[in-house]
Student: 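Encoded as structure tokens, here's the structure I'll be asking about.
In this chain, residues are counted from 1 in sequence order.
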Amino acid sequence: MEKEIIKGAEALMRSLLNEKVDTIFGYPGGSIMPVFDALYDHKEDFKQVLVRHEQAATHAAQGYARSSGKVGVCIVTSGPGVTNTLTGIADAMLDSTPVVVIAGQVMSSVLGTDFFQEVDLVGVTQPISKWSYQIRSAEDIAWAVSRAFYIASTGRPGPVVLDFTKNAQTTSVAYEPKKVDYIRSYVPYHKPNEKAIAEAAELINRAARPLVVVGQGVELGNAHEELKAFAEKGNLPVGRTLLGLSSFPTDHPLNMGMLGMHGNLGPNVNTNNCDVLIAIGMRFSDRVTGLVSKYAKQAKVIHLDIDPSEISKNVTADIPVIGDCKETLPLITALLKEGNHKEWIDSFNEYRALEEEKVIRPALNPESGPIRMGEVARRVSEATNNSAILVTDVGQNQMMSARYFKYTKPHSILTSGGLGTMGFGLPAAIGATFGAPDRTVCMFCGDGGFQMNMQELGTIMEQKAPVKIIILNNNYLGNVRQWQEMFLEKRYSWTPMKNPDYNMIATAYKIPSRFVTDRAELDSAIKEMLETEGAFILHVAVMEEENILPMTPPGAAVDEMVLEC
């Protein structure tokens with residue numbers, strides 16, 4: 001059968017369809033114009049989402065990927081178009097998000113001449129991507145695209161960058177679909193080590209004070225039921241990292257809360273009291289460990305991870321279990337004895353009660369005074385029957401909403417963890433509405449982060465993306481202000497903010513909105529937001545100098561959290 005002769009840009013379209021891509025975020029420009037011309041003929045094949053800034057394209061692709069479990073795709077032009085995506089690529093790398101970024105590039109014949117809008121994209125992105133490749137010939141397109149999706153989606157997921165020269169887009173090629181499912185130097189999945197599995201089960205069976213710490217790896221591996229079966233059989237208390245919060249239901253009796261700098265007191269303190277620490281799909285970030293030299297020194301550490309490079313990188317593993325936790329967890333569970341750790345689990349109650357008195361009750365049920373961030377988050381969560389997707393920006397809004405939202409379904413928190421990217425929330429929430437169109441998407445942000453990408457209200461307006469936007473406005477860059485208060489004698493340098501009228505901005509973009517300053521109006525405003533079809537902006541004036549507590553101060557151990565400041 002004779003192969004069809006098509007242009008390189010059309011070969012890209014066929015290759016994307018071959019990977020079952022259904023949504024593309026992007027922004028056109030000169031060096032990628034042939035691709036966007038080809039997209040004109042594929043309006044029925046792809047949802048085509050024009051963002052208002054290329055950084056937003058990558059964050060939207062991230063939101064799509066993390067809410068759908070598929071690979072997110074964005075297409076941009078060369079030069080400033082693609083350099084604007086670097087923040088999103090780095091964010092995706094640190095948070096293991098599968099995205100493919102396709103960027104236009106100048107013609108191969110002028111590479112290296114500083115041609116208009118030329119940038120060494122492969123050189124720039126190699127350190128912040130799983131794979132970065134320059135397509136110089138139309139013959140390479142089908143292979144490169146298939147390889148890109150294979151690398152992005154397998155093993156520990158991550159971003160891949162394709163630098164697509166203009167001549168490769170415009171020359172003709174005898175197109176033949178490719179399917180890459182093997183790369184000699186790339187081992188995405190390791191066969192479980194039976195000896196390590198047996199040793200892990202034996203150590204857990206002997207443990208008097210075991211603690212499971214769960215990261216995003218459970219979400220990425222869709223191992224939620226496997227985790228539940230493991231914890232329930234061993235009667236093992238579970239703490240979750242920020243990105244792993246929806247990997248285990250909030251209301252499960254074995255859920256001990258959130259780990260980390262602003263996590264719950266019990267799981268943090270008992271990290272340094274447990275005798276066996278079972279880490280599953282987490283990388284021992286400094287935000288989780290605190291002062292690593294004082295982290296769980298008394299415990300034997302079992303580390304389950306798909307990425308061998310994470311084993312003993314930050315915390316030494318006594319028993320490494322390398323592999324996909326969806327496969328390794330059931331193998332360990334099969335060898336577990338029915339656990340009984342009542343006294344150990346009860347020890348978390350004392351810390352829970354103390355945190356409830358000192359932190360949680362004042363945050364959720366203040367007797368008077370300004371509205372608190374935590375009470376807004378909890379009321380929104382409960383109004384959605386605790387079933388919404390929480391998307392956060394970065395800062396106090398992130399920690400407060402993550403702490404006080406409740407999670408009943410997998411893939412219910414999308415946030416920037418490793419890079420901590422302000423401006424992530426709004427475009428990621430847009431992506432989530434395409435990745436999970438059957439779910440309510442609630443995006444919490446501060447007044448600072450919202451303004452970093454608020455041009456994406458134009459994307460929401462055009463796409464009718466039903467994002468429920470909650471602006472927690474304290475007129476400060478709140479997280480930095482808190483550190484200035486606690487560690488710099490309240491020298492509030494460059495953190496107070498003079499803000500625009502967000503409701504007038506909402507009106508300009510034809511998005512319904514409501515401004516709330518009185519607690520008595522909060523429930524009715526939330527009801528209005530959730531019952532309004534499409535997007536809505538709920539602008540809430542919150543306490544200006546509220547702090548996120550508890551907190552593990554910089555340089556402190558995880559069991560040295562402070563409850564007041």
Student: Which value, rounded to the nearest 0.5 Å, describes the distance between Leu265 atom CG and Lys358 atom NZ?
Tutor: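 That separation rounds to 11.5 Å.
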
Student: Please identify which of these residues, Asp95, Thr421, Thr392, meets the side chain to side chain donor-acceptor pair (under 3.5 Å) condition with Thr415.
Tutor: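 Among the candidates, only Thr392 passes.
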
Student: Can a side-chain donor-acceptor contact be found between Glu456 and Tyr509 if the only test is distance below 3.5 angstrom?
Tutor: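 The answer is no; no qualifying pair exists.
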
Student: Among side-chain atoms of Ser347 and Asn270, is any donor-acceptor pair under 3.5 angstrom?
Tutor: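 Result is yes, a qualifying pair exists.
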
Student: For the residue pair Thr125 and Ser132, confirm or rule out a side-chain donor-acceptor distance under 3.5 Å.
Tutor: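 Distance-only check passes for Thr125 and Ser132.
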
Student: Examine the side chains of Ser96 and Gln216 and answer whether a donor and an acceptor come within less than 3.5 Å of each other.
Tutor: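 No, because no side-chain N or O of Ser96 sits under 3.5 Å from a partner of the opposite role on Gln216.
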
Student: Rounded to the nearest 0.5 Å, how far does CG of Leu472 lie from NE2 of His539?
Tutor: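 So the gap between those two atoms works out to 9.5 Å.
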
Student: Decide ring-ring contact (aromatic ring centres under 6.0 Å, His included) for His411 and His224; before the verdict, give the C-alpha distance in whole Å, the side-chain angles of both, and the deciding distance to 0.1 Å.
Tutor: CA-CA 10 Å; His411 308 294; His224 308 87; 5.3 Å; yes

Student: Check whether the side chains of Arg439 and Thr384 place a donor and an acceptor atom closer than 3.5 Å, and report yes or no.
Tutor: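 Per modelled atom types, Arg439 and Thr384 side chains form no pair under 3.5 Å.
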
Student: Counting only heavy atoms not in Tyr404 (residues, nucleotides, ligands), do more than 12 fall under 6.0 Å from its OH?
Tutor: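 Yes, the 6.0 Å shell around OH holds more than 12 heavy atoms from other groups.
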
Student: Do Asn453 and Gln455 have side-chain N/O donor and acceptor atoms under 3.5 Å apart?
Tutor: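 Indeed, the side chains of Asn453 and Gln455 share at least one donor-acceptor pair under 3.5 Å.
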
Student: State whether a side-chain donor-acceptor pair under 3.5 Å links Asn475 with Asp447.
Tutor: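 No donor-acceptor contact under 3.5 Å links the two side chains.
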
Student: Do Gln396 and Glu546 meet the criterion of a side-chain donor-acceptor pair at a distance under 3.5 Å?
Tutor: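 Glu546 and Gln396 do not have a side-chain donor-acceptor pair below 3.5 Å.
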
Student: Are Thr408 and Asn386 linked by a side-chain donor-acceptor pair shorter than 3.5 Å?
Tutor: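 Per modelled atom types, Thr408 and Asn386 side chains form no pair under 3.5 Å.
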
Student: As a test of understanding, state which of Phe444, Phe424, Tyr502 forms a ring-ring contact (aromatic ring centres under 6.0 Å, His included) with Phe450.
Tutor: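 Considering Phe444, Phe424, Tyr502, a ring-ring contact (aromatic ring centres under 6.0 Å, His included) with Phe450 is found only for Tyr502.
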
Student: Taking the six-membered ring of Phe248 (Phe, Tyr or Trp), confirm whether the NZ or CZ of Arg240 is under 6.0 Å from its centre and within 45° of its axis.
Tutor: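 Geometry flag: not set, cation outside 6.0 Å or 45°.
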
